[in-house]
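Written below as structure tokens is the structure these notes are about.
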Amino acid sequence: MSERTNSPFTATVLGAPRIGPRRELKRAIEGYWAGRVDAAELEATAAGLRADTIAQLSAAGLDSIPVNTFSYYDQVLDTAVMLGALPERVAAISDPLDRYFAAARGTADVAPLEMTKWFDTNYHYLVPEIGPDTTFTLNPEKVLAEVAEARTAGVNARPVVVGPITFLALSKPIGAGSPLDRINELLPCYLELLRVLAEAGVEWVQIDEPALVTDIASGLPALAGSVYSALAQASARPKILVATYFGDAGEALPALARSGVDGVAVDLIEGRLESVVDVPELSRLHVVAGVVDGRNIWRTDLEKALATLGTLLGSTGSLAVSTSCSTLHVPYSLEPETELDDNLRGWLAFGAEKYTEVATLSRALTGGREAEAAAFDACAAALATRATDPRVHVDAVRERLAAVNDADVTRGEAATRLAAQNERLNLPALPTTTIGSYPQTSAIRLARAALRKGEIDQAGYEQKMRDEIKSVVDLQEQIGLDVLVHGEPERNDMVQYFAEQLDGFFATVNGWVQSYGTRCVRPPILFGDVVRPRPMTVDWITFAQTLTAKPVKGMLTGPVTILAWSFVRNDQPLSESADQIALAIRDETVDLEKAGVGIIQVDEPALRELLPLRNADKQAYLDWAVRAFRLSTAGVEDATQIHTHLCYSEFGEVIGAIAELDADVTSIEAARSHMEVLDDLNSVGFANAVGPGVYDIHSPRVPGTSEIETSLAEALKAVGPQRLWVNPDCGLKTRTTDEVTEALTNMVAAAKSVRAGA
């Protein structure tokens with residue numbers, strides 16, 4: 001490769017995780033909430049994590065280090081704070097940190113901001129509220145503090161902020177109009193931010209605009225051109241790097257290139273190389289090429305990535321190597337994963353390994369492949385084993401899928417099913433239930449730890465889980481719920497639990513990533529064809545059913561959600577992997593039915609999460625996602641009631657697909673959005689039963705009986721009493737037993753009251 005001349009920096013990443021390699025931030029924040037940790041101790045933990053990240057990125061060989069990617073909860077919430085755009089209801093909280101957390105998770109008296117998915121990832125952001133009373137004012141203290149911190153460490157720091165288009169496009173309007181209509185009111189804050197960063201000696205600022213790879217609003221390319229022309233004309237500013245990621249920027253890229261900004265970061269994992277090469281104006285800009293996948297865990301094909309970089313050399317003013325997006329979405333390091341076999345380890349790259357890949361490619365781009373020959377040869381050898389590993393391609397699975405036909409994805413008519421289910425279940429109007437999980441108590445965690453340490457054997461552990469199930473069933477009987485669950489004490493996570501029992505998956509030991517706030521998950525790795533060796537839930541559900549005369553739901557996770565919340569193989573279409581998982585779930589539903597279970601819930605909270613970011617691609621996804629769900633649920637008889645559950649979403653774009661799932665009962669997150677989803681469901685002819693959530697489980701706030709009655713009254717305006725179920729928004733594992741008991745008691749009382757008057 002030829003020498004890169006005049007390159008401001010050569011190797012970087014667009015962002016980094018903040019939870020800590022051992023979830024140190026999670027523990028510190030939860031300690032602060034519980035009163036065990038004060039604000040100074042919390043900040044000390046945070047400062048240590050920031051310092052460690054800077055040191056790690058520098059040691060890996062990166063010559064531009066992103067800062068202001070740290071957050072106590074969420075970067076969009078941080079942006080709302082920076083722009084003075086927190087809702088008025090938190091203004092009375094005098095302490096800034098407590099005000100911040102109140103906006104994130106609420107208090108006994110303050111409702112939190114809504115939360116939804118960050119584009120098509122498994123990360124969640126807090127949705128800003130923009131209303132007529134919102135007045136934008138710049139508060140740059142956090143950004144400046146992290147810049148100063150990095151300068152003290154002696155690194156070339158590049159502050160990162162969410163851009164004005166993305167911030168407004170992802171916000172919720174309060175009142176009439178679109179938040180994007182307020183863009184001219186917001187730009188002075190960004191102009192002022194550029195000025196104060198320049199005064200602080202910042203050379204480059206990264207402004208993230210992932211909204212530009214979507215069709216979230218019309219006219220985004222033209223808007224990008226005008227917004228960044230205005231910012232580029234600032235008299236005092238650092239150099240501006242606009243980062244687009246999670247897809248192809250399309251027409252927004254030439255608009256940015258002509259705007260006067262100094263650089264663009266492009267995603268060349270999800271985007272197209274041609275989109276960059278075909279923009280002649282990029283020959284004057286610094287292009288940061290995202291050739292290392294920042295959101296999946298597969299090893300980069302170094303030969304292929306270097307060829308891509310070589311193609312770009314002649315099309316850019318200068319070129320840097322980067323991850324495609326922030327590494328927020330991948331675990332810290334492969335080092336703790338001692339259970340990996342050699343083949344699988346060779347196919348993977350977590351955060352630390354990706355930093356090394358970026359630096360290796362950067363050096364190879366400057367000095368030639370020969371300078372990094374050992375790394376390239378090791379990569380090629382490792383990747384070659386993937387094509388021949390027998391776990392990757394299982395003939396029996398592929399033959400079974402090839403034989404699937406329309407009858408395998410179709411159940412009887414909904415009215416016929418309802419009549420059979422009513423006769424079998426004999427439930428009251430407005431039946432009450434919960435979504436699945438109950439609080440993960442200290443007894444459960446101690447039992448898991450004892451099993452790992454060998455202090456108890458498997459039989460002893462299972463007995464402790466049965467004791468927990470009995471306790472949960474007794475609690476539900478005491479509260480008076482109509483349809484019970486077993487509480488899922490045996491499950492560490494709703495996806496990981498199934499992945500650990502399905503061939504073709506690997507569950508990590510320490511592969512933690514942030515889902516939202518302090519909620520961390522370990523997404524399993526789907527690396528091969530999926531096989532269910534044995535039943536996964538039947539023994540637990542049938543045991544729970546022996547403890548009560550009321551129906552107990554079988555609880556399963558759907559194929560799309562297992563796919564969405566895993567690191568998925570990148571060597572075949574997602575639809576094929578979804579169908580393989582669907583067959584495994586189908587076999588489980590049939591076995592549950594044979595065991596006498598009359599209600600089976602197959603959760604699909606991630607249905608919208610995988611929705612493509614471009615309109616042209618959405619219908620094809622929805623077609624195969626719906627088909628996979630129906631393949632997983634259409635093997636049971638009409639008298640067996642199929643439930644599903646959806647949450648964490650803005651449902652408008654998938655409303656039609658929700659109806660097409662054809663579940664007998666759909667429970668759906670609605671507490672924060674005040675039942676708005678019900679009218680949307682009715683508008684697409686949804687006629688089956690629905691359970692809009694009346695208890696926001698993501699907040700410690702316990703709703704009163706009268707509040708729930710009001711919610712149910714609102715729901716009854718859209719859904720008749722024979723179609724309405726009463727339930728929380730989501731599973732209860734993150735709440736305390738006291739909170740759950742009080743909230744569910746209020747919920748049952750409210751349902752009885754409304755039922756009597758319906």
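Numbers for residues simply follow the sequence, beginning at 1.
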Discussion item. Please determine whether side chain to side chain contact (heavy atoms under 4.5 Å, CB included) holds for the pair L309 and L313, giving the CA-CA distance in whole Å, both sets of side-chain angles, and the decisive distance to 0.1 Å.
Written reply: CA-CA 6 Å; L309 293 166; L313 273 176; over 6 Å; no

Can you give me every donor-acceptor pair (side chain of residues 235-242, partner residue at least two apart or in another chain, under 3.5 Å) with its distance?
{"unit_1": "R237", "atom_1": "NE", "unit_2": "A232", "atom_2": "O", "d": "2.9"}
{"unit_1": "R237", "atom_1": "NH1", "unit_2": "D262", "atom_2": "OD2", "d": "2.7"}
{"unit_1": "R237", "atom_1": "NH2", "unit_2": "A232", "atom_2": "O", "d": "3.4"}

Item to complete: Would you name the heavy atoms of S171 and P179 that are closest together and state the gap between them?
Response: O-CG, 3.8 Å

Discussion item. Can you list everything that forms a ring pair (Phe, Tyr, Trp, His ring centres under 6.0 Å) with W204? Sequence neighbours excluded, please.
Written reply: F9, H286

Worksheet item: Is the gap between the ring centers of Y73 and H124 under 6.0 Å?
Response: no

Discussion item. Applying ring pair (Phe, Tyr, Trp, His ring centres under 6.0 Å) as the test, list every pair that has at least one member in residues 295-327; sequence neighbours left out.
Written reply: none

Worksheet item: When rounded to the nearest 0.5 angstrom, what is the spacing between OG1 in T214 and CG in L220?
Response: 5.5 Å

Worksheet item: Does the side chain to side chain contact (heavy atoms under 4.5 Å, CB included) test come out yes or no for D215 and L613, once each step is laid out?
Response: CA-CA 7 Å; D215 296 325; L613 302 177; over 6 Å; no

Worksheet entry | Carboxylate-amine/guanidinium proximity below 4.0 Å for D623 and K618 | no

Worksheet item: Would you say Y621 and L574 make side-chain contact, with heavy atoms under 4.5 Å?
Response: no

Worksheet item: Side-chain donor-acceptor pair under 3.5 Å between Y245 and D208, yes or no?
Response: yes

Practice prompt. Give a yes or no on whether the backbone of V162 and the side-chain of T166 come within a donor-acceptor separation of less than 3.5 Å.
Written response: no

Worksheet item: Could E129 and K172 be called an ion pair, given the rule that one side-chain N must be under 4.0 Å from one carboxylate O?
Response: no

Worksheet item: Checking N139 side chain against T137 main chain: does a donor-acceptor pair fall under 3.5 Å?
Response: yes

Discussion item. Atom CD of residue position E281 - does it have more than 12 heavy atoms of other residues, nucleotides or ligands inside 6.0 Å?
Written reply: yes

Worksheet item: Under 4.5 Å between any side-chain heavy atoms of I183 and P164, yes or no?
Response: yes

Item to complete: Work out which heavy atom in S283 is nearest to a heavy atom in P280; give both atom names and the distance.
Response: OG-O, 2.8 Å

Item to complete: Would you confirm whether S566, through its side chain, and I562, through its main-chain N or O, come within 3.5 Å as a donor-acceptor pair?
Response: yes

Fill in: Pairwise side-chain contact, V161 with M82, heavy-atom cut-off 4.5 Å (strictly under)
yes

Discussion item. Tell me if a side-chain donor or acceptor on E270 pairs with a main-chain N or O of G247 at a distance below 3.5 Å.
Written reply: no

Item to complete: List the atom of A564, the atom of N122, and the distance in Å for their closest heavy-atom pair.
Response: O-CB, 4.5 Å

Item to complete: Enter the distance from I297:CD1 to T327:OG1 here, rounded to the nearest 0.5 Å.
Response: 14.0 Å

Worksheet item: Would you say the side chains of R18 and Q514 form a donor-acceptor pair under 3.5 Å?
Response: yes

Response to the item:
Rounded to the nearest 0.5 angstrom, the CG-CG distance for L268 and L312 is 6.0 Å

Discussion item. What I'd like to find out is whether the side chain of I165 reaches to under 4.5 Å of the side chain of L212, using heavy atoms alone.
Written reply: yes

Discussion item. Minimum heavy-atom separation for A578 and L563, please, with both atom names.
Written reply: CB-CD2, 3.9 Å

Worksheet entry | Flag, side chain of T121 to backbone of K117, donor-acceptor distance under 3.5 Å | no

Item to complete: Begin with the C-alpha distance, continue with both residues' side-chain angles, and end with the deciding distance and a verdict on side chain to side chain contact (heavy atoms under 4.5 Å, CB included) for V127 and L113.
Response: CA-CA 6 Å; V127 182; L113 292 168; 5.6 Å; no

Worksheet item: Got L126 and E114 here, is their nearest side-chain heavy-atom distance under 4.5 Å?
Response: no

Item to complete: Flag the pair I65 / N156 as yes when at least one side-chain heavy-atom distance between them is below 4.5 Å, and no otherwise.
Response: no

Worksheet entry | Atom pair CZ/CG of R569 and L526 - distance to nearest 0.5 Å | 6.5 Å

Worksheet entry | Residue pair Y190 / L83, side-chain heavy-atom distance below 4.5 Å | yes

Practice prompt. Determine the interplanar angle of the F246 and W118 rings, folded into 0 to 90°, and report it as parallel if under 30°, tilted if 30 to 60°, perpendicular if over 60°.
Written response: perpendicular

Practice prompt. Check whether any side-chain N or O of S58 sits under 3.5 Å from a backbone N or O of A55 as a donor-acceptor pair, and report yes or no.
Written response: no

Practice prompt. Look at the side chain of S259 and the backbone N and O of L256, then say whether any donor-acceptor pair between them is shorter than 3.5 Å.
Written response: yes

Discussion item. Is it true that W565 and S515 share a donor-acceptor pair across their side chains at a distance under 3.5 Å?
Written reply: no

Item to complete: Using a strict cut-off of less than 4.0 Å between a Lys/Arg side-chain nitrogen and an Asp/Glu carboxylate oxygen, indicate whether R158 and E203 qualify as a salt bridge.
Response: no

Worksheet item: Which value, rounded to the nearest 0.5 Å, describes the distance between S71 atom OG and I19 atom CD1?
Response: 12.5 Å

Worksheet item: Do you know which two heavy atoms are closest between V67 and E146, and how far apart they sit?
Response: C-OE1, 4.1 Å

Worksheet item: How about Q75 and T69: does a side-chain donor come under 3.5 Å of a side-chain acceptor?
Response: no

Discussion item. Any side-chain to backbone donor/acceptor pair from T12 onto S64? Under 3.5 Å, distance only.
Written reply: yes

Discussion item. Quick one about S326 and Y123 (side-chain donor to acceptor, distance below 3.5 Å, no hydrogens or angles considered), yes or no?
Written reply: no

Practice prompt. Would you check if the side chain of E353 reaches a backbone N or O of F350 as a donor-acceptor pair within less than 3.5 Å?
Written response: yes

Worksheet item: Is the closest side-chain heavy-atom distance between P331 and T508 below 4.5 Å?
Response: no

Fill in: Side-chain donor-acceptor pair present, E209, T244, cut-off under 3.5 Å
no

Discussion item. Between R50 and E149, does any NZ, NE, NH1 or NH2 come within less than 4.0 Å of an OD or OE carboxylate oxygen?
Written reply: yes

Discussion item. I need the E372 CD to L302 CG distance, nearest 0.5 Å.
Written reply: 9.0 Å

Worksheet item: What are the two closest heavy atoms between A606 and T561, and how far apart are they?
Response: N-OG1, 3.2 Å

Worksheet item: How far apart are the C-alpha atoms of D571 and V392, what are their side-chain angles, what is the distance that settles it, and do they pass the side chain to side chain contact (heavy atoms under 4.5 Å, CB included) test?
Response: CA-CA 10 Å; D571 60 341; V392 173; 3.7 Å; yes

Practice prompt. Check whether any side-chain N or O of T311 sits under 3.5 Å from a backbone N or O of A307 as a donor-acceptor pair, and report yes or no.
Written response: yes

Worksheet item: Regarding S275 and R272, is there a side-chain donor-to-acceptor distance under 3.5 Å anywhere?
Response: yes

